[in-house]
Amino acid sequence: MGQIELNEFKQAIAQIYDGRRDTYDRNGLDNWHYKLACRLVECAAINPGQRVLDLATGTGMVAIEAAKQMNYSGEVIGIDIAAGLLAVAQQKIDIAGLNDLVRLQLADIETLNFSEKTCDRILCCSALPLLTNVPGALRMWRSWLKPEGKLGLCVFAETAFVTGVVLQKVARRYGINLVMSDLTGTEAKTHELLTTAGYSQIEIITEQYGYYTDLASVGIKDWDISLQHPHCWPLLNLEPQQLEQLQTEYTAELSSLVTKQGIWNDITTYFVIANKQGPTTASPQ
């Protein structure tokens, strides 16, 4: 699929997700990524024959589900910066016989040059925290929608993902603010974000996908891998002894959350549907 120019942040993101290409679809229909993708497509109320743009398509979960929702008619374009994930998506598209309907493109969804007023639906599942300028991206995507078009997002609350919540809490003790889902942390923030970007008739559907887990599963053994994520890069500015102490406190905080059932990993999820334009008002007779 060729190559694209990415800044250091995006290169790191692409490398991380390419490293997960063989495991991202693990557990099939029970994969929570797949459940989110299906729910987003359902909320978006896609109709046959429409043109759908799936931003940060990954392994094509949303794109393929959207094609099925349209009864295999219309056009779906999946965009991502991770070539490895797109290769997996293409394999799935080939197997499903969707080559005439679903097209993939290696590109950055924040710098993509796309035609204005050409999309019926623009969908983005779970990827907003990976963008460098969310408000700017939302405004740009809005320009690609037809006047009656809709944007569909899957985003997360500030309480979601116990490891991130605890890490942010501990990092603040060292004067470091790790921003992850700040813009969509609450329903009110999410609504304000979309309103400011020019969208209207914003509907937010809140659902819980949390589960109980254990210390090993929440990634205590993967500390070094976690530090490779761009969101955690500010931690690397600490002195080695400080970083070691922070890790100790992080582990202690997580350990304190253990109950008989395990550690509750909250995944409060917002499915957001927003119109490009508000309802039209009939002209006076």
Side-chain angles (χ1 to χ4, degrees), residues 8-24 26-27 30-36 58 82 125-132 134 154-190 193 206-270:
E8 185 180 12
F9 180 92
K10 295 289 181 69
Q11 286 177 2
I13 294 295
Q15 185 175 11
I16 288 170
Y17 280 91
D18 275 341
R20 299 171 58 188
R21 60 177 293 177
D22 295 329
T23 60
Y24 200 80
R26 183 179 292 171
N27 299 327
D30 290 330
N31 183 316
W32 78 277
H33 292 289
Y34 177 73
K35 294 178 180 178
L36 296 182
C125 190
S126 311
L128 280 198
L130 304 179
L131 304 185
T132 55
V134 173
C154 170
V155 297
F156 304 103
E158 60 192 9
T159 57
F161 306 110
V162 64
T163 52
V165 171
V166 170
L167 185 56
Q168 289 179 86
K169 175 184 177 181
V170 175
R172 282 193 292 270
R173 299 173 187 167
Y174 292 79
I176 296 175
N177 182 28
L178 299 178
V179 178
M180 297 180 184
S181 295
D182 185 59
L183 293 176
T184 63
T186 65
E187 288 187 22
K189 286 183 177 181
T190 302
L193 176 67
T206 302
E207 297 183 359
Q208 178 60 258
Y209 290 82
Y211 55 89
Y212 283 98
T213 185
D214 55 35
L215 278 175
S217 298
V218 295
I220 285 194
K221 294 181 180 180
D222 300 326
W223 175 256
D224 291 337
I225 296 176
S226 298
L227 292 179
Q228 296 174 17
H229 196 288
H231 283 152
C232 295
W233 285 353
L235 299 177
L236 300 178
N237 293 324
L238 294 173
E239 296 294 331
Q241 289 183 334
Q242 287 182 304
L243 185 58
E244 183 178 352
Q245 179 60 33
L246 186 148
Q247 180 185 3
T248 299
E249 294 178 27
Y250 168 72
T251 303
E253 288 281 352
L254 284 174
S255 299
S256 71
L257 299 177
V258 176
T259 67
K260 291 181 179 180
Q261 295 170 290
I263 297 175
W264 174 247
N265 186 31
D266 175 284
I267 309 181
T268 299
T269 305
Y270 303 141

Return the minimal non-hydrogen interatomic distance between L246 and W223, and the atom names on each side. CD2-CH2, 3.5 Å

So, taking the atom named CG in L178 and the one named NE2 in H229, what distance separates them when rounded to the nearest 0.5 Å? 11.0 Å

For L257, run the side chain to side chain contact (heavy atoms under 4.5 Å, CB included) check against N265, V162, V165 and tell me which one passes. V162

How close do A160 and I267 get, counting heavy atoms only, and between which atoms? CB-CA, 4.0 Å

Here the pair of heavy atoms bringing L235 nearest to L243 is O-CD1, 3.8 Å

Nearest 0.5 Å, please: how far is CZ in R172 from CG in L167? 10.0 Å

Before we go on, tell me: are the rings of Y211 and W32 under 6.0 Å apart, centre to centre? no

Do K189 and E158 have side-chain heavy atoms sitting under 4.5 Å apart? yes

Any L183 side-chain heavy atom under 4.5 Å of V155 side chain: no

Test of understanding: with ring-ring contact (aromatic ring centres under 6.0 Å, His included), list the residues that count as partners of W264, not counting sequence neighbours. Y212

Separation between CG (L215) and CD1 (I263), nearest 0.5 Å, reads 4.0 Å

Note, V166 side chain near V170 side chain (heavy atom, < 4.5 Å): yes

Contact between I13 and H231 at the side-chain level, heavy atoms closer than 4.5 Å - yes or no? no

State, to 0.1 Å, how close K35 and Y209 come at their nearest heavy-atom pair, and which atoms those are. CB-CE2, 4.4 Å

Do you see a donor-acceptor pair shorter than 3.5 Å between the side chains of Q245 and E249? yes

Looking only at heavy atoms, what is the nearest atom pair of Y270 and A157, with distance? OH-CB, 3.4 Å

Taking only residues two or more places apart in sequence, or in another chain, which ones meet Y17 in a side chain to side chain donor-acceptor pair (under 3.5 Å)? none

Who are the side chain to side chain donor-acceptor pair (under 3.5 Å) partners of T268, not counting sequence neighbours? Q208, D266

Residues passing the salt bridge (Lys or Arg N to Asp or Glu O under 4.0 Å) test with E187, sequence neighbours excluded, are none

Side chains of P230 and I16: does their closest heavy-atom pair fall under 4.5 Å? yes

My understanding is that only residues two or more places apart in sequence, or in another chain, count here; which of them pass salt bridge (Lys or Arg N to Asp or Glu O under 4.0 Å) with E253? K169, R173

Which class fits the ring pair H33 and Y24: parallel under 30°, tilted 30 to 60°, perpendicular over 60°? parallel

Does Q11 have more than 12 heavy atoms from other residues, nucleotides or ligands lying within 6.0 Å of its CD? yes

What pairs with Q242 under side chain to side chain donor-acceptor pair (under 3.5 Å), at least two apart in sequence or on another chain? none

Please name the pair of heavy atoms, one in P234 and one in I176, separated by the smallest distance, quoted to 0.1 Å. O-CD1, 3.7 Å

Between atom CG of D214 and atom CG of L254, what is the distance when rounded to the nearest 0.5 Å? 11.5 Å

Would you call the rings of F156 and F161 parallel, tilted or perpendicular, where under 30° means parallel and over 60° means perpendicular? perpendicular

